[in-house]
Amino acid sequence: MSLAKWTVGLLAGMSMLALAAPADAGEVRVTVAEYSAKTGPYFEEVKKEFEAANPGITIKYEVVPWDVLLQKLTTDITAGTNADLSIIGTRWLIDFVQQDVAEPLDSYIKPEFKDRFIDTFLQPSIMNGHTYGLPIAASARAMYYNKELFEKAGIAKPPATWTELQEDARKIKAVGAFGYGLQGKEIETDVYYYYAMWSFGTEILNKDGTSGLSTPGALEAAKLYKSMIDEGLTEPGVTSNNREDVQNLFKQGKVGMMITAPFLSNQIKEEAPSLKYGVAAIPAGPTGARGTYGVTDSIIMFKNSKNKDEAWKLLDFLFTKEQRAKFTQGEGFLPVNKEEAKMDYYVNNADLAAFTALLPDARFAPVIPGWEEIAQITSDAMQKIYLGSAEPEAVLKEAADKANGVLKK
Amino acid sequence: MSANAATEVHVARFSQLMQSRVLPYLLTLPSLLLAAVVIFWPVWDLVQISTHDVNRFGQLRAFSGLANFWALAADPDFVAALWRTGLWTVLVVGGALLLSIPVAIILNTDFYGRGLARVIIMLPWAVSLTMTAVVWRWALNGESGMLNSGLMKLGLISQNIQWLASAETAFPMQVLIGILVTVPFTTTIFLGGLSSIPDDLYEAAALEGATPFQQFREITFPLLKPFINIAIVLNTIYVFNSFPIIWVMTQGGPANSTDILVTHLYKLAFRIGKLGEASAVSLVMFIILLIFTMIYVRLAMREQRA
């Protein structure tokens, strides 16, 4: 029966492999989200500098594309093989805190350290009075417009309201381009709708904590987008265009206006340097209300980390002015560090100024469990409306009911 | 002499062991144990997760019985995905079979450049499914896609078609791509089958005056049947579980209208974090495939015996 013994041995070996989470002393493992092709090289640079300055500590990265980050974290945490530090979407943080996998950082944070941050961006990572994450990346949204198309269509300045935007889109359509680039697929399809919804005075959550989707403002916004699609003021096939698709159309000069994040400026610089564009505020609604989407990603420490002190040293290093500037400018994000924000690069940058000017109107994803499900419900509802498969009113009502079901849990 | 005697004893013992009916079980035991590790263990894990209340990181809480399964049954998106999975599997497997038989027959005949033709047919197999899907996503792009510009140049369309914007055009395209990537494997099986049919059967039939169609119906098809059965079972399992084509091209959208069970499962588990319901979907898929395979294999075997 030596064969069976062998099998038992193999079994034991496999289970040991599964259980043994590598945890060398002085090794800090970091799960890094890949924002662009520059992310990996930047963090390799960090490793070199940090390890040289801190002998005895080694850093190990796992660089993961954004699309699969949550999946990887879920499986890693389930198996107990998660890293010491990880970048996460701040909107997921509440789940991590509720399930008790994120370590509060308060004992490490000295007043001097806290003072480095622009408060707006640190706030979303604070829950129940504890700081659970540090904003590694921050971004907001503003409207990009194609100056050449505007000139051709005889438009003097970017639209200040949605009504003006509609008229401008008609003029741009008349010169043979797509007026307003509307995203209708994949991540942030819901957010693209919120831009209009916020302008009509509706918030994602009503004051009583129920979904805002069944309010008149939500319906107005949905009808506005739908009428623009029907009139041919957007690109055709809205539901087949994700954010990158619309950005590509903008870079090709086929779209007059679109709303997106600061990193598009970096992409244009590299891929379409001759494109003449401007950045303006998101149009306001009839009452003058407007909103932009503020997003931060946090880097968090896991509760089961065995090298917390070493991990904190790395965090301290990552959030120095020099390191922040290198990362933020490479990726095209907004500065989260006060001193960094005073650098010439940001002060003299017209594009970024448009984004920072919108920050007082920024809404961050609401801090509620089940947020991802509500985002999914909203995206699905928008796709139904854009496709015209049902009346906006009925779709929004149904989506609001579903969202309220999630919110009650 | 003594060595011979020892061998004889060994042989006797061996045949005794064979007759005792224990040996076959002993011989399959190691692979059974291995199967237990790689198959039954995960399935057991799924049963655990799907019958419990779990958090989004898979940690089990209270036992919840069949609650996750009832939640699925009440979810119209799941029910729609279930039917669509059936349609997807039947269309892709059926289409691939219909296309592969003539392709295999042609590739089995001797012609100049047959080697090259075989390589070309097999090529889609060598490319990863995800890459194929990514390329098709570009090709089907409404504004800058190759397909639209090609059709435009041929004068077949006067306006760009937004292939992936709605299920009416996206799903048929996904089925076509599914067929395209299933053909190489199916053709390989059929080529193996065809080469096992002796040539003299055709020679004799030709002498008797049988037309090529009659030869196909009376010789090729019946002798190919076991291979067709294998192709149906294996392809059904692969296609039923196939994730990349639909995920890469539409993520099951717009508004879940091209979702099949695997994409629905992925969204449940890793977007929304409902691991309990996702495990339930996964078990339902496992059971459907198990029942299908058992019924089909039994039917096919009965046919062969008859």
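Protein chains get the first letters and strands the later ones, always in sequence-line order, with residue 1 at the start of each. As the structure is a prediction and not an experimental result, all values here were calculated from the model.
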Exercise. Examine the side chains of Tyr180(A) and Tyr225(A) and answer whether a donor and an acceptor come within less than 3.5 Å of each other.
Key: yes
Quiz item: Taking atom types as modelled and ignoring hydrogens, do the side chains of Gln247(A) and Thr260(A) form a donor-acceptor contact shorter than 3.5 angstrom?
Solution: yes
So what's closer than 4.5 Å to chain B heavy atoms on [X]: side chain, backbone, both or neither?
X	value
Val101(A)	side chain
Ile374(A)	neither
Lys72(A)	neither
Ser389(A)	neither
Asp245(A)	side chain

Quiz item: Relative to each other, are the rings of Phe250(A) and Tyr144(A) parallel, tilted or perpendicular (30° and 60° limits)?
Solution: perpendicular
Self-check item: Plane angle bin for Phe302(A) and Phe96(A) - parallel if under 30°, tilted between 30 and 60°, otherwise perpendicular
Solution: tilted
Quiz prompt | Best-contacting candidate, Lys384(A), Glu372(A), Gln98(A), Gln99(A), against chain B by heavy atom pairs under 4.5 angstrom | solution = Gln99(A)
Quiz prompt | Largest heavy-atom contact set with chain B, pairs under 4.5 Å, which of Glu235(A), Gln383(A), Lys254(A), Gln252(A) | solution = Gln383(A)
Quiz item: Judged by atom type as modelled, is there a donor-acceptor pair below 3.5 Å linking the side chain of Gln376(A) to the main-chain atoms of Ile272(B)?
Solution: no
Quiz item: Do NZ/NE/NH1/NH2 and the carboxylate oxygens of Glu62(A) and Arg29(A) come within less than 4.0 Å?
Solution: yes
Quiz item: Are any of the side-chain nitrogens in Lys303(A) or Glu103(A) under 4.0 Å away from the carboxylate oxygens of its partner?
Solution: no
Quiz prompt | chain A contact via Asn160(B) - which portion, at a heavy-atom distance below 4.5 Å | solution = neither
Quiz item: So which part of Leu140(B) gets closer than 4.5 Å to some heavy atom of chain A, the side chain, the backbone, both or neither?
Solution: neither
Self-check item: Residue selection (most heavy-atom pairs with chain A, distance under 4.5 Å) from Gln59(B), Met249(B), Gln251(B)
Solution: Gln251(B)
